[in-house]
Amino acid sequence: MNNAIRHTWVVSVGLFMTLFIAISVIQVPMTDELNAHPHNVRQMYQDRGADRGTITVDGDPIAESVPSDSAFDHQRVYHDPELYAGITGFYSIAEPPTGLESAMNEYLTGQADSQFFDRMTALFTGSADEGAQVELTIDPELQQVAYDTLAQGERGSIIVTDVETGEIRAMATRPSYDTNELAVHSTSQFSENKAEIESVEGLSPYYFRPINSTIAPGSTFKLVDLAAMLGSGDYSPDTMLDNPDQITLPQSQTQLGNFFGGNCHTSSRADLTFITAQSCNTPFAEAAMDMGEDPIREAAEDFGWNSEMQIPLSVTASHFPEDLTDAALAQSSIGQYDVTATPMQINMMTMAIANGGTMMQPTLIETVRGSDLQVIEQHEPEELGQPISSDVADDMTELMQAAVEEGTAHRANSSDIDIAAKTGTGQIGGTDLVNSWVTGFAPADDPQYAVTVAYERIVFETGTGLTAPNMLTMFEAVIEE
Amino acid sequence: MIRTETAPAPRRNLELFLLLLALVVAVGAQIITAAAMDAPIDEGYYVDGGIYAGVVLVFHIILRIRAKYADPFILPIVVTLNGLGIAMIHRIDLAGGDGSVADRQLLWSAVSMAFAMALLWFLQDHRRLRQLTYLSLVVGTVLLFLPMLPGIGMEINGARIWVNLGFASFQPSELAKIALGVFFAGFLANNRDLILLAGRKFGPLQFPRIQDLAPLMIGWLVAIGVLVVQTDLGNSIMFFGLFMAMIYVATSRLSWIIIGGLLVAVGGVLAWMFVPHVTARVDIWLNAFDEDIYSREFGGSEQVVQGIFGLANGGLTGTGLGSGMPNRVPLANSDMILAAFGEELGLIGLTAMLLLYLLLFSRFMRAGLGTRDAFGKLLAVGFAVMLVLQVFVVLGGITRVIPMTGLTAPFLAAGGSSLLGNWLIVALVLLISHAARRPIVVGPMVNASGDEASGIENPTTEAAEATASEDEAAAFQDEDEARSGTGGAR
């Protein structure tokens, strides 16, 4: 009998070995596959309820995770949400994260490669994985000024960047919304709040105007023309050009004219300085048709047109078309036709001019610190390229200074700060509304900051009344510091 | 060699030491859980821990008085498992829902231990149960089919295995399995010689006579009856496995296993074809991740799939007590409690718990090896096999080794009936192990000469009984010698 008992024991141990193999297979090699399974809500609850790293400006949190009593362990809380909505994005239980919550997700969750040793330590000390703290380049006071400066009820963007480092000091938009509304721990509440946010005209939580809005750049695109013209060596600020009130574009009946309200009609032949300052259209159209499409497009692409970039938010590619007829090229040269640009693109171009022709990679990230606050990553200024020579940059600075002193950007003229700028008005087909632009940098003799202001779908007079004064406000705020 | 052995040590002090360790684990798990879940650690935890420790220590004292040679490992292992179970149930309480399951489990643990102690105290010797062989059959059968009676029978979660006692619902099959275990042990101990001697030989295998197949057929019918009438696949598997194992141990004949295997195959195929409940279980088992089956409102695979997700979430090291999401799994505190442990304690913790079960059933079988009477051997092995099959069926179901059925993990899962049944089994096995290691009082007649006498100074040795029966002699020998003692005996 005892032998039979021993056999029974051996069989029983065999059954237990089978169980052991089964749990080993499930709990070790299959975990990744099972955790990623669409029906596995645990991972979702865990991720969405995780103690994510904090996003800070000047050391103060603008997005942080606090313990929660709901089914999720933590609640994401945003401070001054309207100021930072587009930058932080939102971290929802219902949808994938947006903004920096998405772009910096690996760091915020503590899963980035550079946090490997943190994770190993956590494994042995038993503490939970902690996300990294992300410090932004944003200056909170300047960001507040930018947001307050933007006119309520309009669709505006303001970007302030440091031209030598590419660091973004302020990037604000109106209309904005409260990101906390989308961080709620209820999918039905989320849908309700989202519908309410989207009911505001011109507002979407998936869209950050300064970097995602591709609109006609209007005359700010003449900076690209100037880069190509001056770069070719055939033009200089003193070059005299014909300045007819309007021209008929080749192979078409289309008339292209100077803006009737401006000062262009006072001179039918003028130097490039006057033409730039008054933003006359016809000489640029003629110059573009003389040079052909390629130099203009190359200049545009050197500044970043036709390519996406990461700051680390994804910046939508600005567009300059190909295979243009002369008529289309003429219209493109004044920032119309199919040409589009994001405010960020225009700002990058302005930074390059300000920085002696060297374009810096714009960024929002200053430092990334691990859970023990040691620095994991520190932003180092990074050159994107040299779209124009320093001589061309100097010439363009002079031309832009003239625009402020005696031209279209005269509303930004200040006795305290020497500003170089270029305005733009992009016409919107089928409406009386325009996109109103100004982009500039200061001080002109030692450029530090570039400011770009854009209003979309705005009445022309309102727009020109806002853009240049807004820019001046920003320069006053940033340079006084 | 071993003949020089003096009276075996009671080893109750070892048990006390292990019990203290077990209580530290059990009560500690409860407090860690509360800390991890930010629940206030109020005096309730100390009261609960104190009650549990108190009852356990009383159990220990009763063993010192009534069964001081009992196996010193069984009680600490069971106390650890039972305590971990309460901690996990409490943890799932904290995660929401009914907040009093853990308190009820603690109450049931105390009640079950009280019954177990009473059984130990009054029964004194397991062999007295042998007189109840046929009464046990009646009691077991009645208990098993009690839930069928209109009025008191209840159906919960699709299985009609409950009776309503008014103040609580009870699963009589947990007690029926003890009664049927006693019946089979008694029946086989009485009739094994007959079954062994008669029969026809085919090649190397000796097959029993048809009439001797009766007990196996009873077992098979009970199993099928439980399955068809109560749609309780788990108990059906357990009963049949139990009877087969006991017949094998009683006869040492492989032919029984072959006949039993054929019966299982026939029964299994018939059940799969004609019992809708079983068809559904097999379907879920094979196609658990199938979209249609997962999202089925009733009888879908959500439970097993979520259980596997829980195990995967735990991974190697587990999330830590209180930090996982075991409550995502339906019935996390009863049928699926092993998935909860797998999630929070990881592969390492779950393996440790499996090893506790393995040690426990090994100690049960060791008691069977050691005891002198065939009835005790059969009973101990029967209980050990019950434990093995319950754990295998539960965890095998969770891990999709076999189709999922309705059994619960012994000592862990929430449920008073299961606790009571398993604690009574513990009491019986402790008695058997006490009988196995107890020195035999033989009075003045001592072998004063021959091999058996050498070196014996204590009159209370096994030697005097050595001639009584080969089995009984074997029981007291070293395991290697036991093999030669019984190996080819019959």
Minimum heavy-atom distance between B/M386 and B/G181, given as atom pair plus value: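 Reported closest heavy-atom pair: CE-CA, 4.4 Å.
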Heavy-atom closest pair, residues B/G376 and B/I432: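 Closest pair (atom of B/G376, atom of B/I432, distance): O-CD1, 3.8 Å.
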Which of [options] touches chain A most, by non-hydrogen pairs under 4.5 Å:
{"options": "B/N327, B/V249, B/L358", "value": "B/V249"}
{"options": "B/V391, B/V385, B/V401", "value": "B/V391"}
{"options": "B/Q306, B/E302, B/M325", "value": "B/M325"}
{"options": "B/G315, B/G346, B/S252", "value": "B/G315"}

Carboxylate-amine/guanidinium proximity below 4.0 Å for A/E377 and A/R369: no
Leading residue by heavy atom contact count with chain B [cutoff under 4.5 Å; candidates A/L15, A/T31, A/D73]: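 Top count of heavy-atom pairs under 4.5 Å with chain B: A/L15.
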Interface residue of largest heavy-atom contact number with chain B, from A/V28, A/V11, A/I5, under 4.5 Å: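 Among the listed options, the one with the most contacts to chain B is A/I5.
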Portion of A/V13 that has a non-hydrogen atom of chain B nearer than 4.5 angstrom: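 Contact with chain B involves both backbone and side-chain atoms of A/V13.
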Side chain, backbone, both or neither: which part of [X] has a heavy atom under 4.5 Å from chain A?
{"X": "B/V329", "value": "both"}
{"X": "B/V381", "value": "side chain"}
{"X": "B/Y357", "value": "both"}

Parallel, tilted or perpendicular: ring planes of A/F90 versus A/Y177, cut at 30 and 60 degrees: perpendicular
B/F243 ring center within less than 6.0 Å of B/F184 ring center: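 Centroid separation for B/F184 and B/F243: below 6.0 Å.
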Pair A/F190 and A/H185, ring centroids less than 6.0 Å apart: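 Between A/F190 and A/H185, the centre distance exceeds or equals 6.0 Å.
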Ring-face cation of A/R52 near A/Y91 (centre distance under 6.0 Å, axis angle within 45°):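 Positive - A/R52 is close enough to the ring of A/Y91 and near enough to its axis.
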